[in-house]
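Please read the structure below before turning to the comments.
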There are 2 protein chains.
Amino acid sequence: MNISDVANRTGLPPKTIRYYEEIGLVTPARAANGYRTFRDTDTHKLAFLGRARALGFSIEECRDLLALWEDQSRASGDVRAIAKEHLAGIEAKISALSAMRDTLSDLVDACAGDHRPDCPILKGLEGS
Amino acid sequence: MNISDVANRTGLPPKTIRYYEEIGLVTPARAANGYRTFRDTDTHKLAFLGRARALGFSIEECRDLLALWEDQSRASGDVRAIAKEHLAGIEAKISALSAMRDTLSDLVDACAGDHRPDCPILKGLEGS
DNA sequence: CCTTGACCTTCCAGTCACTGGAACCCCTAT
DNA sequence: ATAGGGGTTCCAGTGACTGGAAGGTCAAGG
């Protein structure tokens, strides 16, 4: 399989797949003409990466997860630890964003949004 | 005022303040020795930027807000439009993160997390 | 056989908003 | 004279790609 076939199957853009090779997440074989040739295991790995990235795991977390995935003797506790830590990170981000949303939403509600120059949003950003 | 005084007052690191000058958000005067000298208006602007950034506005949004802030004849509707758009972006991020959290939390819950190799989290990432 | 167009390759640069570090200048106190 | 704690510039790196240029390869149609 060439790169665009894999791109279609995994949903990852070709550029991203090349990048993943560059940083050592996959190591596809090469045909005589220099084209990358992907085996099923490569495609499988890339699909795994796509899903993990979609869940917000960082590249380094993905690297760890991939290693555990390939390690037949891994303990599920190791995976769970990574996932739990990541989950905590996501929850922290949600809290931070929710706080932002509340503040901003208050400001927007307080603003008439007409053509007059008086603006509570700017006032809110101005004073402490 | 020198840069570290302003850093203390605004909570922004000196590096960030220099960066903001570099990209044209502030233009402090210079003393004879080459040191930046900040007037109250500069400090005020930087404090405004700090708050806007803390609310997640991008640098370009901040640039726009700053221009509106300085424009005495601005209409509050312009500001409100920027804020509302930004608010929509924040809400989209919150939704995406919440979906991630739910999926991941289900996977974590399904995982015993012991020393056995069987792991529902990896299984979840593996199959579609 | 030649061309066209869709592939593929590499490499370089840019994104965003800083951040770290090196190398050097300046000012005050001891 | 020196020590320290400011300040300055410039360069490089972050994360995870993404865009684009320049060029090689392949299959189909004329």
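None of the values given here were measured: they were computed from a predicted structure. The chains referred to below are lettered A, B, ... by the order of the sequence lines, with proteins before strands, and numbering in each begins at 1.
Put simply, CZ on Phe57(A) is 13 Å from P on dA16(D), counting in whole angstrom units. Summarising the geometry, the separation between CZ on Arg30(A) and P on dT25(D) is reported as 14 Å, rounded to the nearest angstrom. Atom NZ of Lys93(B) is separated from atom P of dC16(C) by 13 Å (rounded to the nearest Å). Going from atom CD1 of Ile17(A) over to atom C1' of dG19(D) covers 17 Å, rounded to whole Å. The nearest whole Å value for the distance from the CG atom in Asp5(B) to the C1' atom in dC27(C) is 14 Å. dT9(D) atom P lies 10 Å from atom CD of Glu22(B), rounded to whole Å. Rounded to whole Å, the distance from CG on Asn2(B) to C1' on dC27(C) is 11 Å. Atom CD of Glu21(A) and atom C1' of dT9(C) are 11 Å apart (whole Å).
For the pair Tyr20(B) and dC18(C), the criterion of a side-chain N or O lying under 4.0 Å from OP1 or OP2 is met. Put simply, Arg18(A) has no side-chain N or O that comes within less than 4.0 Å of OP1 or OP2 on dA16(D). Of the side-chain N and O atoms in Ser58(B), none sit less than 4.0 angstrom from OP1 or OP2 of dC16(C). Look at Arg36(B) and you'll find a side-chain N or O under 4.0 angstrom from OP1 or OP2 of dT9(D). Within the structure, a side-chain polar atom (N or O) of Ser4(A) is placed less than 4.0 Å from OP1 or OP2 of dC8(C). Phosphate proximity of dC26(D) to Asn33(A): present, with a side-chain N or O under 4.0 Å from OP1 or OP2.
Taking for each of Lys15(B) and Ile3(B) the nucleotide of DNA chain D with the nearest heavy atom, the 5'-most of the two is the partner of Ile3(B). Along DNA chain C, the nucleotide closest to Tyr35(B) and the one closest to Glu60(B) are compared, and the more 5′ of them pairs with Glu60(B).
Atoms CD1 and OG1, on Ile3(B) and Thr10(B) in that order, are 9.0 Å from each other to the nearest 0.5 Å.
For the 3.5 Å distance criterion, the side chains of Ser73(B) and Asp71(B) qualify, holding a donor opposite an acceptor. Using a 3.5 Å distance cut-off with no hydrogens or angles, the side chains of Ser76(B) and Asp114(A) do pair a donor with an acceptor.
Side-chain N/O atoms of Tyr19(A) and base N/O atoms of dG15(D) include no donor-acceptor pair closer than 3.5 Å.
No salt bridge links Arg18(B) with Glu21(B); every basic N to acidic carboxylate O contact stays at or beyond 4.0 Å.
Using cut-offs of 30° and 60° for the angle between ring planes, the Phe48(B) and Trp69(B) rings count as parallel.
Using a 4.0 Å heavy-atom criterion, one finds that Ile23(B) contacts no nucleic acid atom at all. Across all strands, Pro14(A) comes closer than 4.0 Å to no nucleic acid atom at all (heavy-atom distances).
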